[in-house]
Amino acid sequence: MKILVTGGAGFIGSAVVRLAVARGHEVVNLDALTYAACLENVAEVSSSNLYSFEQADIRDRARLDEIFGLHRPDVVMHLAAESHVDRSIDGPGDFILTNINGTYNMLEAARAYWLSAGKPAGFRFHHISTDEVFGSLGAEGQFTEDTSYDPRSPYSASKAASDHLVRAWHETYGLPVVLTNCSNNYGPFHFPEKLVPVVILNALAGKPIPVYGGGENVRDWLYVEDHADALLLVVEKGALGRSYNIGGENERRNIDLVKTICAILDKKRPKSVPYAEQITYVTDRPGHDARYAIDPSRIRDELGWRPSVTVEEGLEKTVQWYLDNEAWWKPLQARAGVGVRLGVKA
């Protein structure tokens with residue numbers, strides 16, 4: 001199978017690229033190489049004859065048509081997106097242009113290619129999205145695929161809009177699509193502006209470890225390599241027009257997650273005082289969703305998938321990866337906005 005992966009130099013996209021190549025698939029990695037992308041993420045497969053790279057922006061329709069015509073993929077896995085909530089608060093325009101307009105361009109380029117190829121039966125457009133489109137939960141309940149959309153940030157609103165476009169292109173034009181909405185990912189190659197790497201790297205640097213509000217916000221944590229496995233399963237076996245929620249079955253309060261990371265660092269790189277003493281509570285993010293929780297019944301019952309990594313196991317692996325890969329993350333800390341509190345303008 002030849003897979004066109006958009007955003008394949010990003011965090012989740014690169015995990016998909018690495019796993020797909022390891023399983024013998026041909027992969028075309030389409031990435032604009034914006035601030036959060038890093039070709040080192042796919043260095044281990046870059047010399048494979050199964051891998052090719054195209055630097056392109058999904059906002060450039062003509063370039064997309066060129067890439068589809070050149071590579072003639074069997075399936076598309078669309079991961080390219082602006083994804084940082086705090087950045088969306090400060091600069092929503094990039095999120096509209098990339099996540100909405102860019103997805104529109106991808107859908108139209110894919111549809112044109114699909115039609116020109118004679119509507120091949122195996123073609124799929126897999127749109128990868130987030131549980132944040134569903135809004136915020138109280139203390140009880142979980143998001144299902146039938147949960148009403150209720151996005152609360154410019155990021156989640158732009159992803160909700162892209163989800164609606166994908167469904168519309170399926171219903172109106174017959175484009176064969178599948179969709180997935182995932183919970184919070186973590187793991188190796190996570191760009192150092194998201195919670196888990198921020199905690200690890202601030203702890204190691206002796207800096208304050210920022211926790212929004214009281215740290216009571218709850219997330220379901222999904223190890224990125226588990227997610228990549230689920231995504232490949234859905235693009236191969238998911239029912240057309242169907243959406244699948246992918247969760248880690250690992251709900252944790254943010255403060256508990258942070259303290260777990262600190263305890264792992266206490267074991268792996270001990271110092272004179274516990275790392276948890278660096279925890280600092282900061283003003284909460286505007287519109288911060290209280291709780292996300294995924295009901296993964298559909299993907300489990302229909303496709304037989306469950307996560308294989310608990311959050312404790314995954315955090316152990318992740319912390320060790322950051323300890324072993326300073327050469328990867330150190331240069332990224334100089335990129336624009338990294339290490340600076342964003343999302344406070346609202």
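Counting from 1, the numbers follow the sequence of the chain as shown. Reckoned from all heavy atoms, side chains included, excluding hydrogens, waters and symmetry mates.
A salt bridge is absent between D60 and R63: the closest approach of a Lys/Arg side-chain nitrogen to an acidic carboxylate oxygen does not fall below 4.0 angstrom. Classification of E312 and K317 as a salt-bridged pair fails, no side-chain N sitting under 4.0 Å from a carboxylate O. Taking a cutoff of 4.0 Å between a charged side-chain nitrogen and a carboxylate oxygen, D229 and R23 qualify as a salt bridge.
Judged by distance alone, with hydrogens and angles left aside, the side-chain atoms of N202 form a donor-acceptor pair with the main-chain N or O of P208 at under 3.5 Å. A donor-acceptor contact shorter than 3.5 Å links the side chain of N245 to the backbone of F143. At least one donor-acceptor pair under 3.5 Å links the side chain of N250 to the backbone N or O of G248. Put simply, the side chain of D57 never gets that close to the backbone of A32: no donor and acceptor are under 3.5 Å apart. No donor-acceptor pair under 3.5 Å is formed between the side chain of D150 and the backbone N or O of F134. With hydrogens and angles ignored, the 3.5 Å screen pairs no side-chain donor or acceptor of N184 with any backbone N or O of D220. Remark: side-chain polar atoms of R298 are not paired, donor with acceptor, to backbone N or O of Y244 under 3.5 angstrom. Side-chain atoms of K2 come within 3.5 Å of backbone atoms of H71 as a donor-acceptor pair (strictly under, hydrogens ignored). Side chain of Y275 to backbone of R269: a donor-acceptor contact under 3.5 angstrom is found. The backbone N or O of G174 sits nowhere less than 3.5 Å from a side-chain atom of R111 that would complete a donor-acceptor pair.
Of the candidates V21, L50, L4, V21 is the only one forming a side chain to side chain contact (heavy atoms under 4.5 Å, CB included) with V27. For the pairing with R291, the salt bridge (charged side-chain N to carboxylate O under 4.0 Å, His left out) check across E132, E251, E216 returns one residue only, E251. Each of W321, Y223, F191, Y322 was checked for a ring pair (Phe, Tyr, Trp, His ring centres under 6.0 Å) with Y186, and the lone residue meeting it is Y223.
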- Task: Check step by step if side-chain hydrogen bond (donor to acceptor under 3.5 Å, both in side chains) holds for H127 and T103.
- Result: CA-CA 9 Å; H127 178 63; T103 297; 4.8 Å; no
- Message: Run the salt bridge (charged side-chain N to carboxylate O under 4.0 Å, His left out) test on R242 and E302 for me, step by step, so that the C-alpha distance in whole Å, both residues' side-chain angles and the decisive distance to 0.1 Å come before the verdict.
- Response: CA-CA 11 Å; R242 200 86 161 136; E302 293 186 11; 2.5 Å; yes
- Message: Let's go through I294 and Q142 carefully: what are the C-alpha distance in whole Å and the side-chain angles of both, what is the deciding distance for side chain to side chain contact (heavy atoms under 4.5 Å, CB included) to 0.1 Å, and is it a yes or a no?
- Response: CA-CA 5 Å; I294 287 278; Q142 294 179 310; over 6 Å; no
- Message: Applying salt bridge (charged side-chain N to carboxylate O under 4.0 Å, His left out) to K267 and E316, what does each step give before you reach the verdict?
- Response: CA-CA 10 Å; K267 292 187 300 180; E316 286 271 357; 2.9 Å; yes
- Task: Please assess F189 against N325 for the test side chain to side chain contact (heavy atoms under 4.5 Å, CB included), listing each intermediate value before the final yes or no.
- Result: CA-CA 9 Å; F189 298 104; N325 288 276; over 6 Å; no
- Task: Apply side chain to side chain contact (heavy atoms under 4.5 Å, CB included) to the pair H25 and E236, showing each step before the final yes or no.
- Result: CA-CA 12 Å; H25 299 298; E236 291 184 68; 3.9 Å; yes
- Message: Test side chain to side chain contact (heavy atoms under 4.5 Å, CB included) on I209 and V258; report intermediate values, then the result.
- Response: CA-CA 8 Å; I209 299 171; V258 170; 3.9 Å; yes
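A side-chain donor-acceptor contact under 3.5 Å links Y35 and R87. Side-chain atoms of Q278 and K207 include no donor-acceptor pair closer than 3.5 Å. Judged purely by distance below 3.5 Å, without hydrogens or angles, the side chains of R152 and S156 never pair a donor atom with an acceptor atom. Between the side chains of D146 and T144, no donor N or O sits under 3.5 Å from an acceptor N or O. For the residue pair N181 and T130, no side-chain donor N or O sits within less than 3.5 Å of a side-chain acceptor on the partner. Side-chain atoms of D226 and S308 form a donor-acceptor pair, as typed in the model, at a separation below 3.5 Å. With 3.5 Å as the limit, one finds no donor-acceptor pair spanning the side chains of N217 and Y292.
Closest heavy-atom contact between D163 and S129: OD1-OG, 2.8 Å. When all heavy atoms are compared, the tightest approach of S158 to I100 is O-CG1, 3.6 Å. The minimum heavy-atom distance between A109 and L64, with the atom names listed, is CB-CB, 3.8 Å. Minimum heavy-atom separation, A20 to I3: CB-CD1, 4.1 Å. The two residues P296 and E249 have their closest heavy-atom pair at CG-OE2, 3.7 Å.
Residue M77 is grouped with residue I246 when hydrophobic side chains (ILVMFWY) are merged at heavy-atom distances under 4.5 angstrom, including chains of intermediate members. Residues V211 and V198 do not share a hydrophobic cluster, clusters being chains of Ile/Leu/Val/Met/Phe/Trp/Tyr side chains in contact below 4.5 Å. Linking ILVMFWY residues whenever their side-chain heavy atoms come closer than 4.5 Å, directly or via other members, places L115 and W169 in the same cluster. At a threshold of 4.5 Å between side-chain heavy atoms, the hydrophobic network of Ile, Leu, Val, Met, Phe, Trp and Tyr places L179 and V75 in two separate groups. The cluster map of Ile, Leu, Val, Met, Phe, Trp and Tyr, joined by side-chain heavy atoms under 4.5 Å apart, puts I128 and F123 in different clusters.
Under the 4.5 Å side-chain criterion, counting only non-hydrogen atoms from C-beta, C262 is not in contact with E277. No side-chain heavy atom of W305 sits under 4.5 Å from any side-chain heavy atom of K237. R72 places none of its side-chain heavy atoms less than 4.5 Å from the side chain of F68. No side-chain heavy atom of R167 sits under 4.5 Å from any side-chain heavy atom of V177. Put simply, the side chain of I12 reaches to within 4.5 Å of the side chain of L231, judged on heavy atoms. Side-chain atoms of L30 and V5, non-hydrogen and from C-beta on, never get closer than 4.5 Å to each other.
Residues satisfying the ring pair (Phe, Tyr, Trp, His ring centres under 6.0 Å) criterion with F11, sequence neighbours excluded, are H190.
Around NZ of K271, the count of heavy atoms belonging to other residues, nucleotides or ligands within 6.0 Å exceeds 12.
Ring-plane geometry between F95 and Y155 is classed as perpendicular, the angle between the planes exceeding 60 degrees on a 0 to 90 degree scale with a lower cut at 30.
Interatomic distance, E145 CD to T180 OG1, rounded to the nearest 0.5 Å: 10.5 Å.
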